[in-house]
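Report on the structure given below.
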Amino acid sequence: MKKVLIPTKLDNVASKMLSASNYTVVQDTDTPIEAQVSANPDAEILIVRSEKVSQEIIDALPKLRLVVRAGAGFDNIDIAHARKKNIDVMNTPGANANGVAEEVVAMILACFRHIVPAEISTRAGKWEKKKFMGRELTKKTVGIVGLGNVGKLLAKRLQGFETTLLGYDHFLAKQRAINIGVTPVTLEEIFEESDVISIHVPGDAGTQKFIGENLLARMKEGAMLINCSRYGIVDEDALARLRAAGKKIIYATDVHPKDVAGEKPSAAVADLILPHLGANTKEANFTAAKRAAEEVVAYFENGDTSCVVNAEIPLGLNPMQLRLAKMLAAIARNFGGNSPIRRVECTFSGSLRTFRKWFPPKLLEGLLPEAEKGLPPTLAEVSLKEHGISYRAKEPLIGNVEEDSILLEVFTEGTDGTHATVAVRGIVAEDAPIISSLNGFSGLYFDLRGHLLFVRYADRPGVLARITSVLGEAEINIENITAPIDHAAKETLAVIKTNKPVSRAQVAAVATLVNAISAFAISL
């Protein structure tokens, strides 16, 4: 009998299902994971929630074959070390989404009706009914920023309140937003027109202070902002300044730098602050536990590896080829001006034709940085479809199959209805990811690793000198540079590798100085 260790507070449906399938289950909600691992070195399966599964934990379980994260994120697990030890890691994406959506509704109602302060006041023996005059959610305008799993469920939950729903998701097709009852608008329109705004975007370097002073200043007097996404997405310093200047904004949050006891930075500015309760429901716990148990049984009984997030790369496929695919996708997205993507075609040449089914997860990560990461190939294709993107893997034309290369064609749609295509090709040479062409700019052959600045401009003398002068004044060193010309379009594309990232302000300064057609910086 295989032994399952569950060192976490997880619904007992998992242990019941696994025990019924002849697994030996050890579940302890109180003892630290280190002690439990030490006491159960023969465990073959480990099911966790937020517990850190470090290299030391993995090494202490010599028989370990499978780790299941009962939840979506798996950054608490050292998946690379698990792979080295031939251990598969799975997750249960989507299990917590409804819990978060319902929490947002609860926070709206709590703030509008002053539930928390009114309860405290009444419990203290006071009767301050006039003080707690509230507002109704019914028929209000609600803006949802990010229409992923949580955002779509929130829209569905709010429809019962007869709300007008506005939505912004850069990567979701407009018609798909309309199909879920949301009117697609710009970010600025959401902040100008909404009575309530709820944020549901990923927390990464690209979304730090995503909701800044410019957007916050556009909010209606007395409007509410809710952040149940990630800490840092809302510029709370800017929010504090606006409120100190007399701007009336209600702010509710349940996200923090760390989920631990202690002072919370948001406390000084938040009207309602909770201890990250979004997924903390019996139902979400039950769903995650049930899916975890089902995945374990399917894995060992049927060989089902569809939910493995650290799948071993098949023999013969260079991992750098997968990294190249993600890089090319990220460059295509930026070169296209971050316009919504509608169709993607990828041509795999040479031996890569055999391995083409492994590439969708990396293409997804590069094309849609807000999408879930670590999805298996089949689910990555589903995610692309859910974002309104058709994906097709193509065979190369006869006579063009000798080299292992990737040609990625990305078809975008602008806000004005115009369409554009970005075609980027790359190879791996000497185990380095190389971009060989980008639209009409051929002969690039540039190593994509590091900090890169792309500047496209009308071809003329002296432009490179101006670009490098801006970088020099910012004490940014140039490590490599290439500037091929598209003779048909009479344009040049400067690609510059720098020793440190080029900021948005510096990119803007370069673009203005040289009257660039487009410019962007990216770290790969």
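The closest donor-acceptor contact from the side chain of N76 to the backbone of R49 lies under 3.5 Å. Between the side chain of N310 and the backbone N or O of M90, no donor-acceptor pair lies under 3.5 Å. Although no hydrogens or angles enter the test, the distance criterion places no donor-acceptor pair under 3.5 Å between the side chain of K209 and the main chain of V234. Listed for the R460 side chain is a donor-acceptor partner under 3.5 Å among the backbone atoms of A458. The backbone N or O of A488 lies less than 3.5 Å from a partner atom in the side chain of D486, making a donor-acceptor pair. Side chain of R353 to main chain of G350: a donor-acceptor pair is present (N/O by atom type, distance under 3.5 Å, no hydrogens or angles). At least one donor-acceptor pair closer than 3.5 Å links the side chain of N334 to the backbone N or O of A330. For the pair T498 (side chain) and P501 (backbone), a donor-acceptor distance under 3.5 Å is absent. A distance-only check finds no donor-acceptor pair linking the side chain of D254 to the backbone of L274 [under 3.5 Å].
Sequence neighbours left out, not one pair with a member in residues 475-499 passes ring-ring contact (aromatic ring centres under 6.0 Å, His included). Among residue pairs with one or both ends in residues 463-484, none qualify as salt bridge (charged side-chain N to carboxylate O under 4.0 Å, His left out); sequence neighbours excluded. Applying the salt bridge (charged side-chain N to carboxylate O under 4.0 Å, His left out) test to every pair with at least one member in residues 487-501, sequence neighbours left out, gives these pairs: R456-E491. Among pairs with a residue in residues 263-276, those fulfilling salt bridge (charged side-chain N to carboxylate O under 4.0 Å, His left out) read R243-D271, at least two apart in sequence or across chains. Contacts classified as side chain to side chain donor-acceptor pair (under 3.5 Å) and involving residues 509-522 (residues at least two apart or in different chains) are not found. For residues 437-453, the set of pairs meeting the salt bridge (charged side-chain N to carboxylate O under 4.0 Å, His left out) definition, not counting sequence neighbours, comprises D447-R449.
The minimum heavy-atom distance linking M327 with L448 is given by the pair SD-CB, 3.6 Å. Closest approach of A284 to A279, counting heavy atoms only: CB-O, 3.5 Å. Considering all non-hydrogen atoms of both residues, L464 and A483 come closest at CD1-CB, 4.0 Å. A82 and V89 make their closest contact through CB-CG2, 3.8 Å (heavy atoms, listed as atom of the first residue, atom of the second, distance). When every heavy atom of V507 is checked against every heavy atom of A521, the shortest pair comes out as CG2-CB, 3.7 Å. The shortest heavy-atom contact between G167 and L147 is CA-CD1, 4.3 Å.
Proximity of L453 to L471: side-chain heavy atoms (C-beta onward) are separated by under 4.5 Å at one or more points. Side-chain contact between L438 and V422: present, with at least one pair of heavy atoms (C-beta onward) separated by less than 4.5 Å. The closest side-chain heavy-atom distance from I77 to R69 is below 4.5 Å. Between F446 and L452 the shortest side-chain heavy-atom distance falls below 4.5 Å. Looking at I406 and C346, their side chains come closer than 4.5 Å, going by heavy atoms from C-beta outward. Side-chain atoms of F191 and I211, non-hydrogen and from C-beta on, do get closer than 4.5 Å to each other. Side-chain contact check for Y231 versus T253: every heavy-atom pair is 4.5 Å or farther apart. With contacts defined as side-chain heavy-atom distances shorter than 4.5 Å, the pair S194/K220 does not qualify.
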#### Entry: Residues L166, T141; criterion side chain to side chain contact (heavy atoms under 4.5 Å, CB included); working and verdict
CA-CA 7 Å; L166 307 180; T141 298; 3.7 Å; yes
### Worked verdict on L215 versus I197 for side chain to side chain contact (heavy atoms under 4.5 Å, CB included)
CA-CA 11 Å; L215 291 173; I197 301 166; over 6 Å; no
### Evaluation steps, side chain to side chain contact (heavy atoms under 4.5 Å, CB included), between D404 and I427
CA-CA 7 Å; D404 289 353; I427 61 172; over 6 Å; no
#### Entry: Residues N227, L225; criterion side chain to side chain contact (heavy atoms under 4.5 Å, CB included); working and verdict
CA-CA 7 Å; N227 183 12; L225 177 65; 5.8 Å; no
### Message
side-chain hydrogen bond (donor to acceptor under 3.5 Å, both in side chains), that's the test. Do E236 and Y251 meet it? Break it down for me.
### Response
CA-CA 10 Å; E236 294 182 351; Y251 181 52; 2.9 Å; yes
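Scanning for salt bridge (Lys or Arg N to Asp or Glu O under 4.0 Å) contacts around R323 gives an empty result, with sequence neighbours left out. Applying the ring-ring contact (aromatic ring centres under 6.0 Å, His included) rule to F359 yields the partners F348; only residues at least two apart in sequence or on another chain are considered. In this structure E221 satisfies the salt bridge (Lys or Arg N to Asp or Glu O under 4.0 Å) test together with K247, sequence neighbours excluded. By the ring-ring contact (aromatic ring centres under 6.0 Å, His included) test, F454 is found to be paired with F520, residues two or more places apart in sequence or in another chain being considered. With sequence neighbours excluded, the residues that form a side chain to side chain contact (heavy atoms under 4.5 Å, CB included) with T412 are S339, I341, V410, A420. Every residue two or more places apart in sequence or in another chain that forms a salt bridge (Lys or Arg N to Asp or Glu O under 4.0 Å) with E409 is listed here: K394.
Judged by a 6.0 Å distance limit and a 45° cone about the ring axis, R343 is positioned over the six-membered ring of F411.
A donor atom on one side chain and an acceptor atom on the other are not found under 3.5 Å apart for E189 and Y168. With hydrogens and angles left out, the side-chain atoms of S436 and R425 include a donor and acceptor closer than 3.5 Å. Side-chain contact of E51 with T8: a donor-acceptor pair under 3.5 Å is present, judged by distance alone. Inspection of the N149 and H200 side chains reveals no N or O donor paired with an N or O acceptor under 3.5 Å. Side-chain contact check for T492 and D459: at least one donor-acceptor pair (N or O, by modelled atom type) lies under 3.5 Å.
Note that CG of L328 and CG of L363 are 8.5 Å apart. Values are rounded to the nearest 0.5 Å. The distance from atom CD1 of I434 to atom CG of L324, rounded to the nearest 0.5 Å, is 8.5 Å. To the nearest 0.5 angstrom, S50 atom OG is 8.5 Å from H276 atom NE2. Expressed to the nearest 0.5 Å, how far CG of N214 lies from CG of L187 amounts to 10.0 Å. Atom CD in E386 sits 11.5 Å away from atom CG in L368 (nearest 0.5 Å). Separating the CG atom in L272 from the CD1 atom in I250 is a distance of 10.5 Å, to the nearest 0.5 Å.
Classification of D78 and K52 as a salt-bridged pair fails, no side-chain N sitting under 4.0 Å from a carboxylate O.
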